[in-house]
Amino acid sequence: MEYNPNEFEKKWRSFWEENEIYKVTNDFSKPKYYVLDMFPYPSGSGLHVGHPLGYVASDIFSRRKRMQGFNVLHPMGYDAFGLPAEQYAITIGVHPAKSTNDNIKKYRNQLDNLAFSYDWSRQVNTSDPAYYKWTQWIFIQLYNHYYDQAADKAMPIENLKAIFEKEGSKGAKAANSLDEDFTAAEWNAMSEKDQMSVLMNYRLVYRKAGMVNWCQELGTVLANDEVVNGVSERGGYPVTKKTILQWSLRTTAYAERLLNGLDNVDWSDALKTQQRNWIGRSEGASVFFKIKDHEANIEVFTTRPDTIFGATYMVLAPEHDLISKITTAAQKEEIAAYLAYVKSRSDVDRMSEVKKVTGAFTGAYAINPITNTAIPIWTAEYVLAGYGTGAIMAVPSDDDRDKAFAEHFNLPIIDVVDKTDYPGATLSDKVGKMINSDYLNGMEVKEAIEKMNSIIEEKGLGKCKINYKLRDANYSRQRYWGEPIPITYDEEGKDQPLAWNDLPLELPEMADYKPGNSTDSPLARNTEWVNSFAQGQLETDTMPGFAGSSWYFLRYMDPDNPNEFASEEALKYWESVDLYIGGAEHAVGHLMYSRMWHKFLFDIGKVPTDEPFKKLVNQGMIQGVIEYLYMKTEKTNGYSHFLCAGLAKKMEIPSDQIAQIPIHVDMVQDYGSAQSYLNIESIQKFIEWRPEYKDAIFECPNGTFHKGNFTPQNGATDSSLRTESVVGKMSKRYFNVINPDRVIEQYGSDCLRMYEMFLGPLEAAKPWDTQGIEGVYKFLKRFWSLFYTNEKFTVSDEEPTKAEYKVLHTAIKKVNTDVDRLAFNTGVSAFMVCTNDLKKMKCNKRAILAPLLTLLSPFAPHIADELWNQLGHSTSIALEAYPEFDPTYLVEDSITYPVSINGKKRATIDCAPDLPKEEIEKMALEVEQIQKWLEGKTVRKIIVVPKRMVNIVVG
RNA sequence: GCGGGUGUGGUGAAAUUGGUAGACACGCUAGACUUAGGAUCUAGUGCCGCGAGGCUUGGGGGUUCGAGUCCCUCCACCCGCACCA
């Protein structure tokens, strides 16, 4: 019988499901291991061959751990809320709840085909009220807590009230977004409403005025990715900034702990660095500058207080509150014009035109607190409202942007750091000797910074401060498809969370869920729902996509618990994720928010660990080959004109006269190879697919195809139109997506799994090679044939030879170490080597094949169970113990030493493993080929590395 | 610009601690069995050279008996962040 996966793969998948082979119990007697995949957002287009890469890897890892006696939690779920789901639903005109469910079914089916050992009874769906009840519960917990910087943890907001009553705001060291301090007396005199607004500025989720992308023409708020080049993606209408009240997550309170926590997790350096950069910690000083003829102060943050003698002007961000207050009458017009200009520019403009220097003078002057000189106050878009204090002291001598600005507007420049001792140092390097700086003169920069910091603190001009790039996350979406925020507002506007037993606050069914005609969410139109609680009107914004994904891995531990998000016992047992595999695109989003939520839950005693993911691995992307047709940008006689890629290169047509048109890879002959081409039939197919090119000219080296006719040249009868093959993203827009279902139809699920692993290192990006899968398929056929002689299942009970045992145990050892280090590609090759060796030995002995089958089962579970069954077993091989490596089988009878002369290999010798060094040296020198190299030379030294090599140094 | 990563045959790649570079595959070449082969099997396949031999892990330099691996330097490509005070 031939290996025919289609005959048995489905059968085993049903067997596993019916017998609940992968069911995970909270059996606390076994050691636990938690392997997590980043759960997918179930998009309408389903999985492509790249998605399951990480899933296959984690599945192999989990299956092996399970066979090694661990209780392995390896669950899967769906990140079902969010903008893409809503957009997809709007596009196809189906309610998101329905389209999401349809997509989930599609995904489930595709995932099942890949034979993942998930315990589906633990499935999580973020859009399920039973799940988001707890997302809302955590939201309320965040709402009810503030960050106490003295205790360095979250504390109940009630504590804060008590402090305010006795000591006012100064009594608390708490993360907040409040500008002014207040005394106990002031607090006690406040109305309840005012107290609530004050407290709002301390909560870990809080409401503040925030900017949204507002599109007047569409009459709606747009997400960042719906804005392209400053205009709406749909329709291309202008988008402006609008300020509305929005919920925010106080991630910044955890900045330091998020940074320090990275030292204790096993993540790649690349990923840790990305998070560190995102947090962007910088030490400096915040300094207050008085404004001439005004009450107000300008607070700036600087990492270079040493350069304050060189501060010749100040810049406020265009959004800064003070601009309107301090602008002089004479400058009003200019400032207004500038602010209008800035407003017209999108974030993308501002980012892409970094080099452009723009700005305007307010007419006002600030007093440098150290030199007491008056310096002009400008506004310019190069200062960002969201970073630091939104204001800077500009030191043109030591900052590139300040310098460019000063030069452009003719502002004075005072050199304050002499860098002559540091050739090659750039402006921003913190080195050099201070000059033109009064009492700092002669100091090294480092020393000067310390000195200045102490002066600033002593004189009360400001204080040392640590600043973070990290910003509080916007937590409101003016959209339908998300978790409703469980907060109400009474007639006075006082906010209040819902009571526990009012949760979940369900998202109401709405026929019209499209974004509305105002900055309000669609939910605002459902007045019945908004007014469904006596305590006040419901918040109508919903939570963002990353809310549900910030804690889903905890719910898997105890997915059906109606009383808690997970029981204490379950949390204590499963603790945290041991291995997390997922895409690198979540490096700073999901992975940062999850960590923050986890730290918060840890603070309030709900989870046992401070970090959620011990080890994290990013799988690389599987790329596709994009096939391009070359088309001349200018039409020929009014016809589109395609060229053979080879021809275009030969003719050396400049690249601006050639357009590359991606073509569906199914139409290309020899797809993916350097010789990929279209024949006349494929050109016909292309024209049918893209009728706009039905009259196009296709010019090949041996003729021209036009309007259904091929006109040969030089007597040729046929010709081919070469396409250009480029490795790139696998994506719908390049028509090069490989659907795993089709691969499985052709080669089977085991083959797809093993091939994905065989392609290359898990973490590397690598192209999918349609032909390469044949190699793995051949291997499976060969492996199968070990069990078959003359088309009959034949396995011998004879005792294996030493050599056969050696082959088996070499594989056991190699596969084990490879899976341990997630090197699945070399693991697969170990199976190939082993199979090739056994095939050569014609080994069909049970004592070899049975353990080999268990070894293979995590990689290829179907073939393993099929052959296991044929070996006479009635249960799944997944329940067997993993084979253990026995080193006694690997003891060598003799060792082959390479013998090198001056590091170049010239011969090999075989010696007994325990032969003393002197004997090995003697043997090596006696070899004929070596003798030849020693002629006329002196042996200076012989190096013998036991069990490795011999090197003879001559001269 | 800053940060991170990667450069090894025609291709995907391997080499766990400095110790036989190119395992395992794809592709290619030749052969066998075949009416046929996109099936299977066998052999070969880094480059140059008839050969002895020489060269070879992006380029250059260094440490070492010995370097893909360590150090310095330059180059190319990929990814992330991007006016961060």
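Below, read A as the first sequence line, B as the second, and so on, with proteins coming before strands; counting in each chain starts at 1.
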Separation between the P atoms of B/U40 and B/U17, rounded to whole Å: 37 Å

Measuring only the P atom in each nucleotide, how far is B/C77 from B/C24? A whole number of Å is fine. 34 Å

Name the nucleic acid region contacted by A/Lys814, choosing base, sugar-phosphate or nothing; use a 4.0 angstrom heavy-atom cut-off, strictly under. base

Give a yes/no on whether any side-chain N or O of A/Lys778 is located under 4.0 angstrom from OP1 or OP2 of B/C26. yes

Pairing partner of B/C2 (Watson-Crick or G-U wobble, both distances under 3.5 Å): B/G80

Between A/Arg64 and A/Phe61, is NZ or CZ placed under 6.0 angstrom from the six-membered ring centre and within 45° of the ring axis? yes

Can you tell me the Watson-Crick or wobble partner of B/A30, both distances under 3.5 angstrom? B/U42

Between A/Asn277 (CG) and B/C83 (P), how many Å, whole number? 13 Å

Looking at A/Arg401, does any N or O in its side chain come under 4.0 Å of the phosphate oxygens OP1/OP2 on B/C84? yes

With a non-hydrogen cut-off below 4.0 angstrom, is A/Arg906 in contact with a base, only sugar-phosphate, or nothing? sugar-phosphate

Whole-Å gap separating P (B/A85) and CG (A/Asp402): 11 Å

Under a 3.5 Å cut-off for both contacts, is B/U11 paired Watson-Crick or G-U wobble with anything, and if yes, with which nucleotide? B/A25

Tell me what A/Leu759 touches on the nucleic acid: a base, only sugar-phosphate, or nothing, going by heavy atoms under 4.0 Å. sugar-phosphate

Is it the case that A/Arg595 places NZ or CZ above or below the six-membered ring of A/Trp278, under 6.0 angstrom from the centre and within 45 degrees of the axis? no

In whole angstrom, give me the gap between the C1' atoms of B/U64 and B/G9. 28 Å

Pairing check on B/U57: which nucleotide meets the Watson-Crick or G-U wobble criteria with it, both distances under 3.5 Å? none

Would you indicate what A/Val945 reaches in the nucleic acid, counting non-hydrogen atoms under 4.0 angstrom: base, sugar-phosphate, or nothing? base

Do the ring planes of A/Trp768 and A/Tyr755 sit parallel (below 30°), tilted (30 to 60°) or perpendicular (above 60°)? perpendicular

Under 4.0 angstrom, heavy atoms only, what part of the nucleic acid is A/Asp400 near: base, sugar-phosphate, or nothing? nothing

Between B/G27 and B/G12 - C1' atom distance, rounded Å: 11 Å

Nearest-Å distance once atom C1' is located in both B/A39 and B/A21: 35 Å

Where does the angle between the aromatic ring planes of A/Phe405 and A/Tyr382 fall among parallel (under 30°), tilted (30 to 60°) and perpendicular (over 60°)? tilted

Could you check if a side-chain atom of A/Lys904 sits within less than 4.5 angstrom of a side-chain atom of A/Asn902, using non-hydrogen atoms only? no

Within the structure shown, what part of the strands sits under 4.0 Å from A/Ala765 by heavy-atom distance: base, sugar-phosphate, or nothing? sugar-phosphate

Between B/A82 and B/C48, how far apart are the C1' atoms? Round to whole Å, please. 48 Å

Select base, sugar-phosphate, or nothing to describe what A/Asp818 touches, counting heavy atoms under 4.0 Å on all strands. nothing

If only side-chain N and O atoms of A/Arg940 are considered, is one of them under 4.0 Å from the OP1 or OP2 phosphate oxygen of B/G66? no

Name the residue closer to the 5' end of RNA chain B, choosing between A/Pro898 and A/Met832 according to the nucleotide with the nearest heavy atom. A/Pro898

Across the strands shown, which category fits A/Arg821 at heavy-atom distances under 4.0 angstrom: base, sugar-phosphate, nothing? sugar-phosphate

With heavy atoms under 4.0 Å as the rule, sort A/Phe758 into base, sugar-phosphate or nothing. base

Rounded distance in Å between the P positions of B/U16 and B/C26: 24 Å

Both A/Arg782 and A/Thr303 contact RNA chain B. Which one's nearest nucleotide lies toward the 5' end? A/Arg782

Give one of base, sugar-phosphate or nothing for A/Trp768, where a contact means two heavy atoms less than 4.0 Å apart. nothing

Have a look at A/Asp399 and say if it touches a base, only the backbone sugar-phosphate, or nothing, with a 4.0 Å heavy-atom cut-off. nothing

Tell me whether A/Arg821 at atom CZ has more than 12 heavy atoms from other residues, nucleotides or ligands lying less than 6.0 Å away. yes

Does B/U40 have OP1 or OP2 under 4.0 Å away from a side-chain N or O of A/Lys781? yes

Using the C1' atoms only, state how far B/C78 lies from B/A32, rounded to an integer number of Å. 46 Å

Sidechain N-carboxylate O distance under 4.0 Å for A/Asp269, A/Arg276: no

